[in-house]
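Heads up: numbering here begins at 1 and tracks the sequence. One-based numbering, in listed order, for ligands and for the atoms of each.
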Amino acid sequence: MERYPNLKESDQEIYNLIQSESKYESTTLKMIASESYASYSVLEACGSMLTDKYAEGYPGMRYYEGNEFVDRIENLAIERAKLLFGAEHVNVQPYSGSPANQAVYRALLKNGDKVMGMPVPSGGHLTHGWRVNFSGIDYEQVPYGPDSNTGRFDMNIIRETAKRERPRMIWVGATAYPYKIEYKEFADIANEIDAYLVADIAHINALIIAGVHPDPVPYCDIVTSTSHKMLRGPRAGFILSKIEDRFQSKYHSDSKFNLAKRIDRAVFPGLQGGPHLHIIAGMAVAFKEALTENFRNYGIQIVKNAKALSYTLLSKGWQLAGGGTDTHLLILDFRKEEFTGKDAAIALAKSGIIANFNMVPGDHRSPFITSGVRLGTSALTSMGMKEPEMELVANWIDRVCKNINNIDKHAQNIRDEIAAFCSNFKVPGIQE
Ligand SMILES: *Cc1c(COP(=O)(O)O)cnc(C)c1O
């Protein structure tokens, strides 16, 4: 873990805190569904001197001189993303996932337009129209979500809602939906009401790359994503889109720009200034890694691991929202228990299992305590864990939940066992 020799010399406090975090992460089980581990190569590109470079504009069209090399870096990131996802157009400049989504609103809608999206308690993201976010303040959310009995989308209800409310745009994407999303079914609905269909694949991009989740690119006008989380790149966002706008004459006859151009203009100069070229370099590195067989195997294994984890938890009598998973995440459903999702998440963290409390479909508890815990397998899969390890992990989760009323008696033992177990695996970006 002895890295960053210059930082160690110049800033002991920050150096020590980074070392502490590294130690914490490599001795506990990181099961936050939105996290994984970026490689050393990604971290090196992100920590490079590109940090200093200003290059407002796009490759070949900058407002500064001296861009020969950074143009090539940004173009490599774009070309690799096109190859990876089969997209017609790519913008790699959004500073993160939320700004990427904000650019989509700017490119497609006017203030006050209706947007169909999932509320946060139903598993949507803040930027899909939630009331405290710009997207719910400047636009009107038409909510939808999984059925509270089955935990899955009911396409008939979603179609009825869309036809009644006629939103201009439909978001399809989630932060806590354990099942496959059938983009074609959403596309059929969007087509019936002339709405844009936008997929947000921040949580599941690696599964799409690996071919274990349906691909939104053929069915959606736009696809947004983060490059961190499961993709194991830097903290940033990117936007894939069609070049032409199929509703240009209907909704944008006053604009001389096509869809690709409107997105680019919404990102810069609409929302952002200079692109973060060190991060774009890291993104290019991550895309190259994601084009390998190794990465596809990682994507496939993530789902196998989530399924193995869910089988063992179910066999021990625990409930899962919707009954299981076919993605990277599962949601433990504690609606019938006396303890809350928050109680469980705290007890798990004390024992070395890091996750978050989460609403479950049909939850009767408030979003501040909830009845669920969301677990993801991306980070553990990056460490090299497979199905047999998931059984052990499920056993620890079971022990924590069964002993939740006197967890302080058990937590340290479990934590020690987990730390010893973790030492058998390498954490990318922390250990060689
Ligand atoms: C994480 C996430 C985002 C936003 O990403 P940030 O980089 O945190 O802004 C957007 N949409 C979904 C579905 C996400 O999971």
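Counting only distance, with no hydrogens or angles, the side chain of Glu389 and the backbone of Lys386 share a donor-acceptor pair below 3.5 Å. At distances below 3.5 Å, not a single donor-acceptor pair connects side-chain atoms of Lys53 with backbone N or O atoms of Leu277. In this structure a side-chain-to-backbone donor-acceptor pair under 3.5 Å is missing from Asn67 to Val70. Listed for the Thr312 side chain is a donor-acceptor partner under 3.5 Å among the backbone atoms of Ala308. No donor-acceptor pair closer than 3.5 Å links the side chain of Glu140 to the backbone N or O of Asn111. Here the side chain of Lys242 pairs a donor or acceptor atom with the backbone of Cys220 at under 3.5 angstrom.
Looking only at heavy atoms of the protein, atom 3 (C) of ligand 1 is closest to His125 NE2, 3.2 Å. Atom 7 (O) of ligand 1 has its closest protein heavy atom at Ser96 OG, 2.4 Å.
Per-residue contacts place Lys229 under 4.0 angstrom from the following atoms of ligand 1 (heavy atoms of the residue considered): 1 (C), 2 (C), 3 (C), 14 (C), 15 (O). Close contacts of ligand 1 with His228, meaning ligand atoms under 4.0 Å from a residue heavy atom, involve 7 (O). Every atom of ligand 1 with a heavy atom of Ser98 under 4.0 Å away is listed here by number and element: 4 (C), 5 (O), 6 (P), 9 (O). Atoms of ligand 1 lying under 4.0 Å from at least one heavy atom of Asp200, given by number and element, are 10 (C), 11 (N), 12 (C), 13 (C).
Only the backbone of Ala174 comes within 4.0 Å of ligand 1, counting heavy atoms alone; no side-chain atom from C-beta on gets that close.
Residue-to-ligand polar distances keep Thr127 apart from ligand 1: every N/O pair is separated by 3.5 Å or more. Checking only distances, Thr226 never comes within under 3.5 Å of ligand 1, N or O to N or O.
For the pair Lys30 and Tyr37, the cation-pi test (distance below 6.0 Å, angle within 45°) is passed.
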